[in-house]
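Residue numbering restarts at 1 for every chain, and letters A, B, ... go by the order of the sequence lines. On a predicted model such as this, the values are computed, not experimentally measured, just so you know. Because only heavy atoms are used, hydrogens play no part in the values below, and waters and symmetry mates are left out as well, while side chains stay in.
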Amino acid sequence: MAMAMRLPAIARAATEMASAPVGLRRLFCSNATNFSFLSPQANSETPARPQADPSTNLFVSGLSKRTTSEGLRTAFAQFGEVADAKVVTDRVSGYSCGYSKGFGFVRYATLEDSAKGIAGMDGKFLDGWVIFAEYARPREPYRPQNNMPPSPYGNRY
DNA sequence: CCTGAGCGC
């Protein structure tokens with residue numbers, strides 16, 4: 001009869017997990033081999049958190065949901081000339097009119113100002129939340145839709 | 001949508 005399918009729940013779970021996608025298995029298994037705390041000699045430049053190269057553009061996270069682009073600009077303008085500041089908003093209730101996603105971008109006029117902006121604002125409070133300021137990675141390339149005009153609103157970098 | 005790590009249209 002069907003006696004072979006009488007497996008313990010543990011065995012069935014292990015069988016299913018072995019055939020799961022690797023992205024899902026990483027949540028349960030510990031296949032990682034680069035445990036820096038187990039290999040003290042691997043101190044040489046092993047960035048688990050790759051920092052972006054210095055730029056005039058800053059990525060600011062940890063923002064309050066009530067912080068606006070204007071509030072972001074005002075806070076960072078204490079440490080340099082802010083060329084542009086934008087809080088990323090979700091598209092619930094309209095384009096760029098939704099609620100904040102909790103992070104944003106601040107572009108300074110110069111590299112010196114952006115460095116002072118990080119030093120002055122990283123780890124500080126803004127609207128009751130500890131925010132984190134770091135150099136932003138290059139923005140994902142702008143891909144115009146197939147039949148859309150290339151730049152109706154002007155692309156900023 | 002008021003959630004809490006992250007990289008924008």
Are A/Leu126 and A/Trp129 linked, directly or through intermediate hydrophobic residues, by side-chain heavy-atom contacts shorter than 4.5 Å (ILVMFWY only)?
no
Sorted by number, residues from residues 122-138 of chain A placing a heavy atom under 4.0 Å from DNA chain B are A/Trp129, A/Glu134, A/Tyr135, A/Ala136, A/Arg137
Heavy atoms only, 4.0 Å cut-off, all strands: where does A/Gly104 land among base, sugar-phosphate and nothing?
nothing
Interatomic distance where CZ belongs to A/Phe103 and P belongs to B/dG8 [whole Å]:
6 Å
Atom NZ of A/Lys65 and atom P of B/dT3 are separated, to the nearest Å, by 8 Å
Rounding to an integer number of Å, can you tell me how far A/Gln51 CD sits from B/dG6 C1'?
14 Å
Quick test of your reading: applying salt bridge (charged side-chain N to carboxylate O under 4.0 Å, His left out), list the pairs with at least one residue in residues 114-123 of chain A, sequence neighbours left out, ordered by first then second residue.
A/Asp113-A/Lys116
Distance check needed: B/dC9 C1' versus A/Lys101 NZ, whole Å only.
11 Å
Within this structure, what is the CZ-to-P distance between A/Phe59 and B/dG8, rounded to whole angstrom?
8 Å
Measure from NZ on A/Lys86 to P on B/dG6 and round the result to the nearest Å.
21 Å
Tell me, which pairs form a ring-ring contact (aromatic ring centres under 6.0 Å, His included) where one or both residues lie in residues 55-75 of chain A, sequence neighbours left out?
A/Phe59-A/Phe103, A/Phe59-A/Phe105
CE on A/Met121 to CG on A/Leu72, rounded to 0.5 Å
7.5 Å
Toward the 5' end of DNA chain B, by each residue's nearest nucleotide, A/Ala85 or A/Ser64
A/Ser64
Using a cut-off of 4.0 Å on non-hydrogen atoms, how would the nucleic acid contact of A/Leu63 be classed: base, sugar-phosphate, or nothing?
base
Among all residues two or more places apart in sequence or in another chain, which pass the salt bridge (charged side-chain N to carboxylate O under 4.0 Å, His left out) test with A/Lys101?
none
Is there aromatic stacking of A/Phe105 on B/dG8 here, judged by a ring-centre distance under 5.5 Å and a plane angle under 30°?
yes
Rest of the hydrophobic cluster containing A/Val130 (Ile/Leu/Val/Met/Phe/Trp/Tyr, side-chain heavy atoms under 4.5 Å)?
A/Phe125, A/Phe132
To the nearest Å, give me how far apart CZ (A/Arg107) and C1' (B/dC7) are.
13 Å
side-chain contact (heavy atoms from CB on, under 4.5 Å) involving A/Glu112 - partner list, sequence neighbours excluded:
A/Thr110
Any donor-acceptor pair under 3.5 Å joining the side chain of A/Asn57 to the base of B/dG8?
yes
